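Nothing fancy with the numbering, it's 1 onward along the sequence. This one's a predicted model, so the numbers in the text were calculated from it and none came from an experiment.
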Amino acid sequence: MSLTHIATSGLLASQKALTVAGNNIANAETEGYSRQTVQFQPTYTLYPGIGALGTGVNSSSVSRITSQFLTAQMWESQAIAGETNTHLSYLNDLDQWLGSDNMSLAKGFDNFFTALNGGAIDPVESSTRQVILAESNGLTGRFNTLFNQLQGQAEVVGQQLNAAANQINGLLTNIAGFNDQLRTLSTGSQPANEILDLRDQAVKDLSELVSVNVLQHDNGSYSVYMKSGQPLVLANQHNSLSVEGLVDAADGFQMILQTGNTKIRVTGDPGGTVGGLLQYQSDQLVYARNEMGRMAVVLAHEINTQLQAGEDLNGNPGTSLFNDLTTPVGAAMPLDAVSTAVSSLTITDTNQLQSSDYDFRVDNAGNYRVVRRLDNTDVAAGVLSGAGTDTLTFDGIEINVDATATDQAYRLAPLRYGAREIQTMMSDPSALAFAAPGNGIGDNSNLLDLVAIQSKGLINGGTSTLVTAYSGFVGEVAVQTSRSKTEAAGGQALLSQVESAVGTYSGVNLDEEAASILRFQQLYSANARVISVARSTFDALLAMF
């Protein structure tokens, strides 16, 4: 083998190495780019075992510098960061609303009962009565505003889920497409490195939206699965996600996996942004609506009951200040088309109310079960009588059920809309019944009983007043927000740590690449010099003849 041929192979190898190093430098800031390196191998040896002579160098393979372990860690930490950051953003908003002077129920309760106290000095004075009605309207307005804020959050959750589903579907299409391209483009020992980088970046983007498990096959293709095991990508085929439900549906918005003609509801915690949205929707959002609904129901019931025990300025029996919330609208929601058994739901004891929805189910033998979703506790169970209407009671709630019913499924939400529905119904100040019957219009004894409601144990079995219950609720949300901040900070720190490790291992170091450029430039020059020497030697040999 000629010296010229050997030097030429070295020249070509060093030229390729220079090209790869230059490409690394050019892509130093390209997201998802993995540093590449040329693999050098000696070519075949002449006369092996006799007097071996080398024949040059082979540089056919250009490899990515990647670590499957670090890459998988990055995908996992990306999902954690996506979930915790999304969850925190919603909790932050809720925490701020509850503590805002313009929306705080604590401020509304204080203003309302202060106005009632002011009326005790002269219960006949029209102006003080008008202030009481104004503060009543202000208090119900705070309930309504907070509910609308939560409703707005629920609608945004649906919008973000739809946006996430569209992003996910686009990424799944890309990953399946990259699998197909790799099958056709990767030949021999040289993979299509840029496509591999693009596919890994697509999986990283996907993992921010939903947590995934990735299986790499011998042929280099990826199969991508959700945490629960449902397949998202198999070779060049992929499924899709969609969103179903409404803001006022029993379970709000739900993510649906479409596999062929089959629809599967995504249950559990799917992780990523989607997981954060679904977790907030099913936990804190439901609890907040129910807790504020409970306070609205209790307030309206207690004030109305006390006013009805008195006498107004015209000598008439007292009437309600607020509308009646003990027969709540939209409280019994069938979970399928065949469920028609529940004919009514009534709140019978506001003192026993819990801030929860309930699942009511009847099997094909008439066995029923009521589960409080807040703590997954059975609050009622038995067998329907089989004739007429059965009345079931639990947690201060009463439902009437067709006693012959079978195969029923309901979501019971007696408090969900309480904060939305509460309104001040009275407009005439003289209708406020501050006097006890028969004591004359100047009497304020019933008004004093109304004022006493402020310090009366009305919630949590009589252990909490309206104000302390609200303060406890605000405090609990603050604790959850603080915990969520810690989790989000931890998730972000973990992601940053893993990204740094990936960058150190797979990223482009400009100093190293600059050193490589100089080294390969010297190698190129040395091989060129060998070619020059070989040519001079050959010319000298020719000159001898």
Side-chain angles (χ1 to χ4, degrees), residues 13-41 59-86 171 174-175 178-179 182 186 189-217 220-222 224 227 271-273 485-523:
S14 56
Q15 184 181 46
K16 179 178 285 189
L18 280 169
T19 302
V20 170
N23 188 55
N24 285 339
I25 292 171
N27 285 281
E29 295 300 322
T30 300
E31 186 178 11
Y33 179 81
S34 300
R35 179 167 54 93
Q36 298 179 9
T37 185
V38 176
Q39 302 298 317
F40 295 104
Q41 291 180 338
S59 59
S60 61
S61 177
V62 178
S63 301
R64 294 190 312 153
I65 305 300
T66 60
S67 165
Q68 288 186 356
F69 173 74
L70 288 177
T71 301
Q73 272 197 323
M74 182 172 63
W75 294 339
E76 182 178 357
S77 58
Q78 184 75 69
I80 294 172
E83 180 169 17
T84 54
N85 285 331
T86 300
L171 291 167
N174 290 343
I175 294 168
F178 292 143
N179 278 342
L182 289 167
S186 295
S189 61
Q190 181 56 62
N193 291 324
E194 289 73 18
I195 302 299
L196 292 171
D197 281 343
L198 289 171
R199 185 179 64 176
D200 282 354
Q201 182 62 38
V203 175
K204 182 176 184 287
D205 293 341
L206 176 65
S207 65
E208 183 177 3
L209 299 169
V210 62
S211 184
V212 296
N213 294 320
V214 178
L215 177 63
Q216 183 169 354
H217 300 284
S221 67
Y222 280 172
V224 183
K227 284 173 62 177
T273 297
K485 286 179 180 177
T486 301
E487 292 172 349
Q492 193 60 48
L494 176 62
L495 176 60
S496 297
Q497 181 181 355
V498 176
E499 284 182 329
S500 177
V502 171
T504 300
Y505 189 87
S506 301
V508 176
N509 184 305
L510 293 177
D511 291 336
E512 290 181 3
E513 296 303 325
S516 295
I517 289 287
L518 291 175
R519 187 171 77 255
F520 295 133
Q521 185 180 25
Q522 290 175 338
L523 182 61

Check whether Asp205 reaches the backbone of Leu171 with its side chain - one donor and one acceptor, N or O, closer than 3.5 Å.
no

Do you know which two heavy atoms are closest between Gly22 and Ile517, and how far apart they sit?
N-CD1, 4.0 Å

Can a donor-acceptor pair be found, under 3.5 Å and without considering hydrogens, that links the side chain of Asn27 to the backbone of Thr30?
no

Taking side chain as C-beta onward, heavy atoms only, is Val20 less than 4.5 Å from Thr37?
no

Give a yes or no on whether the backbone of Glu208 and the side-chain of Thr273 come within a donor-acceptor separation of less than 3.5 Å.
yes

Apply salt bridge (charged side-chain N to carboxylate O under 4.0 Å, His left out) to Asp197 and list each qualifying residue two or more places apart in sequence or on a separate chain.
Arg64

May I ask you to decide if Tyr505's main-chain N or O and Arg35's side chain share a donor-acceptor pair within less than 3.5 Å?
yes

Is Ser221 reaching over with its side chain to a backbone N or O of His217, donor-acceptor style, under 3.5 angstrom?
no

Minimal non-hydrogen separation, Gly271 against Glu83, with atom names
CA-OE1, 3.5 Å

Counting only N and O atoms by type, is there a donor-acceptor contact under 3.5 Å from the side chain of Ser506 to the main-chain atoms of Ile65?
yes

Nearest heavy-atom neighbours spanning Ala488 and Asn85:
CB-OD1, 3.5 Å

Does the side-chain contact (heavy atoms from CB on, under 4.5 Å) test come out yes or no for Ile80 and Leu495, once each step is laid out?
CA-CA 8 Å; Ile80 294 172; Leu495 176 60; over 6 Å; no

Taking NZ, NE, NH1 and NH2 as the nitrogens, is one of them in Lys204 or Glu499 under 4.0 Å from a carboxylate oxygen of the other?
yes

Can you tell me how far apart CZ (Arg199) and CD1 (Ile175) are? Round to the nearest 0.5 Å.
9.0 Å

Say whether Tyr33 and Asn23, considering side chains only, have a donor N or O and an acceptor N or O under 3.5 Å apart.
yes

Heavy-atom pair with the smallest gap, counting every atom of Ala81 and Gln492:
CB-OE1, 4.1 Å

Distance-only side-chain donor-acceptor flag, Gln36 / Glu194, under 3.5 Å:
yes

Rounded distance [0.5 Å steps], CG in Leu198 versus CD in Glu31
11.0 Å

Heavy-atom closest pair (Asn193 atom, Val62 atom, distance to 0.1 Å) is ND2-O, 2.8 Å

May I ask you to test the Leu510-Val508 pair for a side-chain heavy-atom distance under 4.5 Å?
yes

Could you please spell out the steps behind the side-chain hydrogen bond (donor to acceptor under 3.5 Å, both in side chains) verdict for Asp200 and Tyr222?
CA-CA 10 Å; Asp200 282 354; Tyr222 280 172; 2.7 Å; yes

In this structure, CD of Gln78 is separated from OG of Ser211 (nearest 0.5 Å) by 11.0 Å

Approximate separation, where rounding is to 0.5 Å, of Asn174 CG and Asn179 CG
11.0 Å

Do Leu206 and Val212 come within less than 4.5 Å of each other through their side chains, counting heavy atoms only?
yes

Between Thr71 and Ser67 (side chain of the first, backbone of the second, donor and acceptor by atom type, cut-off under 3.5 Å), is there such a pair?
yes

For Lys227 and Asn213, which heavy atoms make the closest approach, and how far apart are they?
CA-ND2, 4.1 Å

